[in-house]
Amino acid sequence: MKFVDLLQTARGGMKRSRARTFLTITAIFIGAMTITLTNGIGTGAKSYLTRQSSDLGAKNVMQITPNASAATSGSNSEEPAAYNPKLKTSSSGMTLMSDKDLTTIKATPDITGAAPAYVFAPDYIMGKGGKYQLTNVGEQPGDYTGTLVAGKNVDNSSNQSQIVLSDNYVSDMGYGNAQALVGEQVTIAITDASGQQQTIAATVVGVQPKFLINNDDATANLTLAKQLYDTQSVGLPQASKDQYSMIFATFPSSLTNAQITNLKNSLKSAGYSAETLQDAENTVFTAINAVIIVLDTFGAITLLAASFGIINTLYMSVQERTKEIGLMKALGMSRSKIFTLFSIEALLMGFWGSALGVLFASIIGKLVNTVAKNGFLKDIPGLTLLTFPLSTIIAVILGIMSLAFLAGTLPALRASRKNPIEALRYE
């Protein structure tokens, strides 16, 4: 019997027990759809984060803070920590660093530069369209290459105060398009420690889109950030000035992962903790993967139930077709072909269930993406909620077919081992 004949016979066997076959394929369908959708969400999120990772910050920058052990000594115990006069803490309990720490970090081998993470709170930003809130202003030290709508990124080596604004400000500030805002002078107001409001002029060098992973209203170069911080600090006691919760340090982009690890260890020995953008990405991806694994577990449970359905369907099929199996053996069909026949039935159930599940998941994904793009994600360009790469689709189908084949192995073996004489006598 040729393979085509085996395939047709297997299809005929599935049609004989339509109800059982339908229920088994339905269970596979649900599992395949669930796994495809959860992986589609994960792939979409990872793809977006990977494409937009440069907008989180530069790749060659470390965020440096005091070691947790130094900052929270005694926190793992119910006993209070011993007083350490060398540690300065903020009102929130964070350990602060000073210019001395800045000097130490700059002297560390492979550190090419270091700057404080200035914390300031502007009152407003003013252009020709009036005054507007400026809530979140970030710094971007290092080789920053974030996506822009118009203009260029801030230059941290420039003595000019520069700022990149979100495109939300373009029309409100009285400009027809993003390019028209580039090169304009804006005024930023900030209140100092004595309660006096001061103003600082800055040049808009670029306009950035709105990002899901970066909600800054603006990006300031180091010159502007220091100017805002110094202005805000006017009136503070000298002991309260130049205290930083974090320091940004740059290192050569050519460093290998091993060299970056060694650099982190050197900083750790000096009493600091360092985290790169890659570390932050890994943390996010780990969280995404954990969610996907949990959701995939539900799909796996469904497929496990479906595999028992395949076993039951084929066992019943073997039982009902005992005489037919005996006749096929009597006519010279080998045990291997009997085994192949029932294995094909299992593979067909796995194929149709997984293929339909993947197809239905793709249709749902397109509908959800369309609704999201025109709805709650319309202000976040580049984000596709569900993404289904061909490699993932093929992997799901082949994986489920493999599971179906394994589930059908026992019934197929039982069919192939039947004694033809006893099978022909079966009533």
Side-chain angles (χ1 to χ4, degrees), residues 42-43 45-73 86-87 94-119 138-148 152-158 162 164 208 211 213-214 216 219-223 225-226 242-290:
T43 303
K46 288 180 181 179
S47 177
Y48 178 76
L49 290 174
T50 300
R51 291 196 308 271
Q52 301 296 330
S53 61
S54 61
D55 298 306
L56 283 172
K59 298 284 188 181
N60 66 326
V61 172
M62 286 182 172
Q63 297 180 353
I64 299 177
T65 56
N67 268 341
S69 58
T72 59
S73 177
K86 294 182 179 181
L87 293 181
M94 293 182 63
T95 301
L96 299 175
M97 295 182 286
S98 65
D99 288 339
K100 182 179 179 182
D101 297 288
L102 196 60
T103 302
T104 301
I105 291 169
K106 284 181 178 179
T108 303
D110 285 330
I111 293 293
T112 57
Y118 296 109
V119 179
E139 298 170 59
Q140 290 294 354
D143 301 331
Y144 179 60
T145 57
T147 304
L148 295 177
K152 61 182 181 180
N153 289 302
V154 295
D155 181 3
N156 288 315
S157 63
S158 173
Q162 298 178 349
V164 170
Q208 64 190 20
F211 302 113
I213 56 177
N214 186 353
D216 286 343
T219 300
N221 70 340
L222 294 179
T223 299
K226 188 176 189 309
D242 300 325
Q243 302 291 328
Y244 321 113
S245 60
M246 183 186 299
I247 290 175
F248 292 121
T250 56
F251 56 88
S253 301
S254 59
L255 290 187
T256 64
N257 290 335
Q259 289 173 320
I260 292 173
T261 300
N262 290 334
L263 177 55
K264 290 179 184 177
N265 290 335
S266 298
L267 290 166
K268 186 176 181 180
S269 300
Y272 306 103
S273 295
E275 183 181 68
T276 63
L277 174 62
Q278 186 64 52
D279 296 328
E281 287 180 356
N282 291 340
T283 301
V284 174
F285 287 161
T286 299
I288 292 174
N289 288 334

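The structure displayed is predicted, hence computed values, not measured ones.
Note that CD1 of Ile247 is 7.5 Å distant from OG of Ser98, once rounded to the nearest 0.5 Å. The CG atom of Asp110 sits 8.5 Å away from the OG atom of Ser254 when rounded to the nearest 0.5 Å. Put simply, CD on Gln259 and CG on Asn262 are 7.5 Å apart, with the number rounded to the nearest 0.5 Å. Atoms NZ and OH, from Lys226 and Tyr118 in turn, are 5.0 Å apart once rounded to the nearest 0.5 Å.
Judged by distance alone, the side chains of Thr219 and Gln208 do bring a donor and an acceptor atom under 3.5 Å apart. For Thr112 and Thr250, the side-chain atoms include at least one donor-acceptor pair closer than 3.5 Å. Side chain to side chain, Asp101 and Thr104 fail the donor-acceptor criterion of an N or O pair below 3.5 Å.
At a threshold of 4.5 Å between non-hydrogen side-chain atoms, the residues Leu267 and Met62 count as touching. In this structure, the side chains of Leu263 and Phe251 come closer than 4.5 Å at one or more pairs of heavy atoms. Asp99 has its side chain within reach of Tyr244: a pair of non-hydrogen atoms, C-beta onward, lies under 4.5 Å apart. In this structure the side chain of Pro252 never reaches within 4.5 angstrom of the side chain of Asn60, judged on heavy atoms. Put simply, the side chain of Met97 reaches to within 4.5 Å of the side chain of Tyr272, judged on heavy atoms.
Shown here for Pro66 and Ser245, the closest heavy-atom pair between the two residues is CD-O, 4.4 Å. Considering all non-hydrogen atoms of both residues, Ala225 and Ala220 come closest at N-CB, 4.2 Å. For the pair Ala117 and Phe248, the tightest heavy-atom approach, listed with the atom from each and the gap, is CB-CE1, 3.6 Å. The two atoms that bring Ala274 and Asp279 nearest to each other are O-OD2, 4.3 Å, heavy atoms only. When all heavy atoms of Ile64 and Ala249 are compared, the pair lying nearest together is CD1-CB, 3.5 Å.
The backbone N or O of Ile111 lies less than 3.5 Å from no partner atom in the side chain of Thr108, so there is not a single donor-acceptor pair. Using a distance-only test at 3.5 Å, with no hydrogens or angles considered, a donor-acceptor pair links the side chain of Asn265 to the main chain of Thr261. Under a 3.5 Å cut-off, the side chain of Gln63 and the backbone N or O of Met246 do not form any donor-acceptor pair. Using modelled atom types, one side-chain atom of Asn67 and one backbone atom of Lys268 make a donor-acceptor pair closer than 3.5 Å. Judged purely by atom type and a 3.5 angstrom limit, Gln162 uses its side chain to pair as donor or acceptor with the backbone of Asp155. At least one donor-acceptor pair under 3.5 Å links the side chain of Thr223 to the backbone N or O of Ser158.
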**Report entry** Full working for side-chain contact (heavy atoms from CB on, under 4.5 Å) between Thr276 and Val61
**Finding:** CA-CA 6 Å; Thr276 63; Val61 172; over 6 Å; no
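Residue Lys264 qualifies as enclosed at atom NZ: its count of foreign heavy atoms under 6.0 Å is above 12.
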